[in-house]
Every structure is written in structure tokens, then in C-alpha cells.
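These notes concern the structure reproduced below.
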There are 2 protein chains.
Amino acid sequence: MLHSAKPTALSPSDTHVSAHDRVYRTLRARIMYGDIAPGEALTLRGIGREYDVSMTPAREAVRRLVAEGALSLSSSGRVATPELSNERIEELAALRALLEVELSSRALPRAHMALIDRLHSINATIAEMVSKRDAVGYIRTNLEFHRTLYLRAQAPAMLAMTETVWLQLGPTMRALYGRLRRTDPPQNHRLIIAALKAGDEPGLRLAVRSDVTQGLRLLTG
Amino acid sequence: MLHSAKPTALSPSDTHVSAHDRVYRTLRARIMYGDIAPGEALTLRGIGREYDVSMTPAREAVRRLVAEGALSLSSSGRVATPELSNERIEELAALRALLEVELSSRALPRAHMALIDRLHSINATIAEMVSKRDAVGYIRTNLEFHRTLYLRAQAPAMLAMTETVWLQLGPTMRALYGRLRRTDPPQNHRLIIAALKAGDEPGLRLAVRSDVTQGLRLLTG
DNA sequence: ATGGGCTATCTGTGATCACAAATGCGGGCT
DNA sequence: AGCCCGCATTTGTGATCACAGATAGCCCAT
């Protein structure tokens with residue numbers, strides 16, 4: 001290594017993993033949670049400088065994110081977070097609805113009380129993020145709510161695909177958050193929890209579909 | 001370049017594209033169409049030797065395919081095409097059903113006579129592949145049938161996601177083909193075409209679901 | 001003959017370098 | 001003063017090298 005291998009606050013799970021994986025994970029989180037605005041440009045050398053690695057791991061991380069649709073590389077290879085067209089946003093919202101309704105449906109028979117409690121707790125954190133006007137925290141916690149529910153579906157491929165959609169929508173969701181100014185209590189989340197408690201599958205499917213669709217709707221309108 | 005840049009039969013669209021893209025596309029097609037058996041190992045230097053490039057483009061292509069689930073890297077980074085568990089296969093089949101039913105549904109209002117003719121022609125090629133016992137050709141043409149239909153849905157993100165599922169199922173589909181010995185005329189494909197002609201959406205959804213599900217079913221049974 | 005340890009080789013990872021294309025900035029011309 | 005050309009810089013791409021860990025094969029001791 002040319003530069004000193006300074007830790008820069010690496011989490012326990014970051015130990016002993018490869019450099020490109022660390023770069024990938026960090027960039028992925030930043031994009032998914034709306035920390036990067038749509039259209040923002042990135043350079044391999046810049047990323048390398050930021051994470052204290054050479055161009056090689058930076059390139060692999062970027063290449064992987066491009067493959068997942070999190071970044072778009074313009075002509076001549078310049079890489080930036082994509083600015084989605086309205087059609088694309090609607091399509092991704094439809095994908096979210098399709099996948100997440102199915103996932104919630106599969107999670108329903110496996111939803112115990114501990115899960116409900118956990119979801120309630122996450123909901124409280126969401127309310128807190130809303131009151132603090134913390135966009136990134138809001139998006140992250142909101143997705144954690146969904147992920148916690150869908151993990152119960154025992155469908156890793158489906159969940160991975162859903163997270164890919166979240167990733168593509170990340171920068172857009174940030175822009176969305178900036179547009180909705182009101183203190184938005186997670187109303188649909190409460191409907192989801194209620195349907196889970198009642199074992200009401202049609203209600204759950206409807207609530208998930210509403211929660212996923214309504215936010216994106218006012219972006220395309 | 002160290003080695004001579006020999007063309008090795010590059011198609012017109014391969015001109016002026018980067019090396020890793022050429023490697024990626026070729027490997028992707030080989031995996032998706034079942035040219036590589038499940039569990040087969042690959043090495044970066046081997047790929048580089050085969051395509052006459054250095055390790056760098058080979059690594060990027062492999063990394064991208066791993067990101068898409070087409071390859072799985074074992075502990076210590078060894079890379080191979082994955083051997084799917086039965087649960088995984090069922091999940092991917094469910095994903096195919098979910099996505100492709102939606103895509104066909106969206107394509108239905110846009111399906112004109114030219115499309116029907118095209119599908120008929122592809123079907124004839126499928127029958128030809130079956131009679132020739134050409135597994136790779138069969139899989140490729142079968143997927144071309146589906147892709148041709150779904151292209152009409154005007155939903156690129158959804159189609160891309162579907163192709164990712166195809167990619168993950170590629171080696172498995174090859175194993176499936178080996179198991180079904182009978183000359184399998186594309187019966188469901190005819191049902192799909194009939195439903196398209198009649199404008200029968202429920203029938204189309206059912207036919208697509210059957211076509212997607214039935215093949216994979218006998219692998220997990 | 002067989003089991004165990006040691007080494008040669010192979011593999012992925014990451015850094016560095018060379019190169020070409022694109023970008024952007026500054027100076028000179030009209 | 002405004003515009004355009006040309007060069008310096010920046011950027012991505014690909015090749016090569018150094019290195020560490022894993023793998024496997026081989027030799028020797030029992």
C-alpha cells in the first residue's frame with residue numbers, strides 16, 4: 001500500500017473484507033438513502049482518494065453499481081447518479097408494488113408478535129426522523145421498516161431484487177422528500193401493521209401497494 | 001497491447017466497444033443460454049487468455065456477472081457458476097411468473113399482427129431446435145420468444161430485471177433440458193399466441209404463468 | 001503402502017503505469 | 001469585446017507487477 005491504511009471509523013463488519021467491497025457498500029448506502037443528488041458526477045480517482053484506495057477497487061465498486069442501475073455511465077464512460085424520467089419512475093414504482101406486495105403476502109403467515117413490536121419501534125424512529133427533518137435518516141429508516149417485514153418472507157432473491165429497485169430510486173427519493181414539506185406520519189405503515197395483526201391478506205396487499213405507490217405518485221404528476 | 005488484437009469474429013455491434021463489455025456480453029450469453037454447466041469454475045487469467053485480454057477487463061466482467069447473480073464467488077474469491085438450491089429455483093420461478101405475467105399483460109394492448117407473425121416464426125425455430133436436440137439453441141430461441149413479446153410492454157426496467165432472472169437460471173435450465181428427453185413442442189407458446197390474437201388478458205396471464213412455471217417444476221420435484 | 005508435512009504453483013486483490021479521448025481553460029485573432 | 005482554436009489537464013481503459021492466501025502435488029518418514 002502506498003498510503004497508510006488508516007481505519008477511518010470502520011464498523012466491525014468491515015474488518016477483513018476487501019477494499020472494493022467496503023467502497024461498494026458505502027457508496028451503495030449513500031445512493032440508496034438519498035445522500036447523493038440525481039445527476040451528481042463521480043470520478044474514479046476521486047472515489048479512490050476519498051476511501052484511500054487506488055483506482056482498481058473504486059472501478060470495481062462503480063462498475064457493480066452501474067450494473068445494478070444505481071449509477072449511469074454517460075457516453076465516454078463518465079459516471080454519475082442517474083436522473084430518472086417520469087416513465088422510468090412510474091415503472092420502478094410499479095415494480096416496487098409488484099414485488100413488495102408479493103413479499104408482504106409471503107411474510108404474513110410468518111409474522112409473529114416480535115415482528116410487530118419491531119415494526120412499531122422502527123415506526124417511532126421514522127416519526128423522529130420526520131420531526132428532525134432528516135431526509136437521509138427518514139429514507140433509511142423507512143426502507144428498514146420494509147426490509148424488516150420482507151425478511152420474514154424467506155425469499156432472498158426477491159428481496160435482493162427489491163433492494164435493487166430501491167437503489168435505483170434512491171436519489172429520486174431524496175428529491176421527493178425535499179418536495180413533500182409536510183410532517184408525514186407513516187399512516188400507511190400503521191395500516192400495514194394493523195393488517196398484519198388481523199391476518200388480513202387483502203388489506204395488507206392494499207396497504208403495502210398504497211405505501212409504495214403514493215409517495216412516488218406526486219413526483220411524476 | 002501485448003498480444004495481437006485479433007478480431008475473433010466480432011459482430012458489427014462489437015466494434016468500438018470496450019474489452020470488458022465484449023467479455024461481459026459473451027460470458028453473459030453463454031451463461032444465460034446454458035452453455036456453462038452449474039458449478040463450473042472460471043479463473044480470471046483463463047478468461048483473459050480466452051478473450052485475449054488482460055486480467056483487468058476479465059475481472060470487471062466477472063464482477064458484474066457476480067453482481068447480477070450469474071456467477072457466485074465462493075470463499076476466498078474463487079468464481080464459478082452457481083448451483084441453485086430447490087428453494088432458490090422455486091423463488092426464481094415465482095419471480096419469473098410475477099414479472100412475465102405483468103409484462104405480457106402490458107404488451108397485450110400493443111400486440112399487432114406483425115408481432116404475432118414474428119412469434120410464430122420464432123416458434124418454428126424452437127421446434128427446429130428441439131428436433132436437432134440443440135439445448136443452447138433451444139434455450140436461446142425460447143427466451144427470444146419471451147423477449148420479443150415483452151419488448152412490446154415498453155417497460156425496460158422490468159424487462160432488464162426479468163433477464164437477470166433468466167441469467168441466474170441459465171445453467172439450471174441447461175440441466176433441465178437434459179432431464180426432459182421428450183420432444184416438447186411449445187404448447188404453451190401456442191396458447192400465448194392464441195390469447196394475444198383473441199385479446200384475452202386472463203388467458204394470456206394464465207398461459208404465460210404456465211409456460212414459465214411448468215418447466216422449472218419438474219426440476220424441484 | 002500410506003499418511004503427513006512442505007513447497008511450488010495458481011488464484012484473486014490491489015497498486016501503478018501508459019495511453020487515448022474528452023474536457024476545459026487561456027490566449028490570440030477578428 | 002466576443003469567438004474560436006489549441007494545448008494542458010483530467011478522465012476512463014487496459015496492462016503489468018507485487019503480494020498474500022489457498023490449493024494441490026510430491027517427497028519422505030513410518
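Naming: A, B, ... by sequence-line order, numbering from 1 per chain.
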Between B/R63 and C/dT13, does any side-chain N or O lie under 4.0 Å from OP1 or OP2?
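For B/R63, the contact criterion (side-chain N or O under 4.0 Å from OP1 or OP2 of C/dT13) is met.
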
Any salt bridge between B/R106 and A/E90, counting N to O under 4.0 Å?
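Looking at B/R106 and A/E90, the cut-off is not met.
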
Short N-O contact, B/R88 and B/E83, less than 4.0 angstrom
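Here B/R88 does not pair with B/E83 in a salt bridge, since their nearest N and O are not under 4.0 Å apart.
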
Separation of atom [atom1] in [X] from atom [atom2] in [N], rounded to whole Å:
X: A/D21; N: C/dG14; atom1: CG; atom2: C1'; value: 14 Å
X: B/R49; N: C/dC10; atom1: CZ; atom2: C1'; value: 10 Å
X: A/R78; N: C/dA22; atom1: CZ; atom2: P; value: 10 Å
X: B/L44; N: C/dG14; atom1: CG; atom2: P; value: 12 Å
X: B/E60; N: C/dG14; atom1: CD; atom2: C1'; value: 13 Å
X: A/L71; N: D/dT11; atom1: CG; atom2: C1'; value: 16 Å
X: B/R22; N: D/dT13; atom1: CZ; atom2: P; value: 15 Å
X: A/L73; N: C/dA21; atom1: CG; atom2: C1'; value: 15 Å

Taking N and O atoms by type only, does the side chain of B/R45 place a donor or acceptor under 3.5 Å from a partner on the base of C/dG12?
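Looking at the base of C/dG12, it does pair with a donor or acceptor on the side chain of B/R45 (distance under 3.5 Å).
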
Taking the side chain of [X] as its heavy atoms from C-beta onward, which of [options] lies nearest to it?
X: B/H20; options: D/dA15, D/dT13, C/dA15; value: D/dT13
X: B/S18; options: C/dG14, D/dA22, D/dT13; value: D/dT13
X: A/R59; options: D/dT13, C/dG14, D/dT16; value: D/dT13
X: A/M55; options: D/dG14, D/dT13, C/dA22; value: D/dT13

Which part of the nucleic acid does B/T56 contact within heavy-atom distance under 4.0 Å: base, sugar-phosphate only, or nothing?
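Base, at least one base atom sits under 4.0 Å.
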
Parallel, tilted or perpendicular, as decided by the 30° and 60° cut-offs, for the rings of A/H189 and A/H146:
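Geometry flag for A/H189 against A/H146: perpendicular rings.
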
Between B/S121 (side chain) and B/D117 (backbone), is there a donor-acceptor pair under 3.5 Å?
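No, the answer is negative, given that no donor and acceptor are paired below the 3.5 Å cut-off.
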
Answer yes or no: is there a donor N or O on one side and an acceptor on the other, between the side chain of B/E91 and the main chain of A/M158, under 3.5 Å?
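Side chain of B/E91 to backbone of A/M158: a pair is present.
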
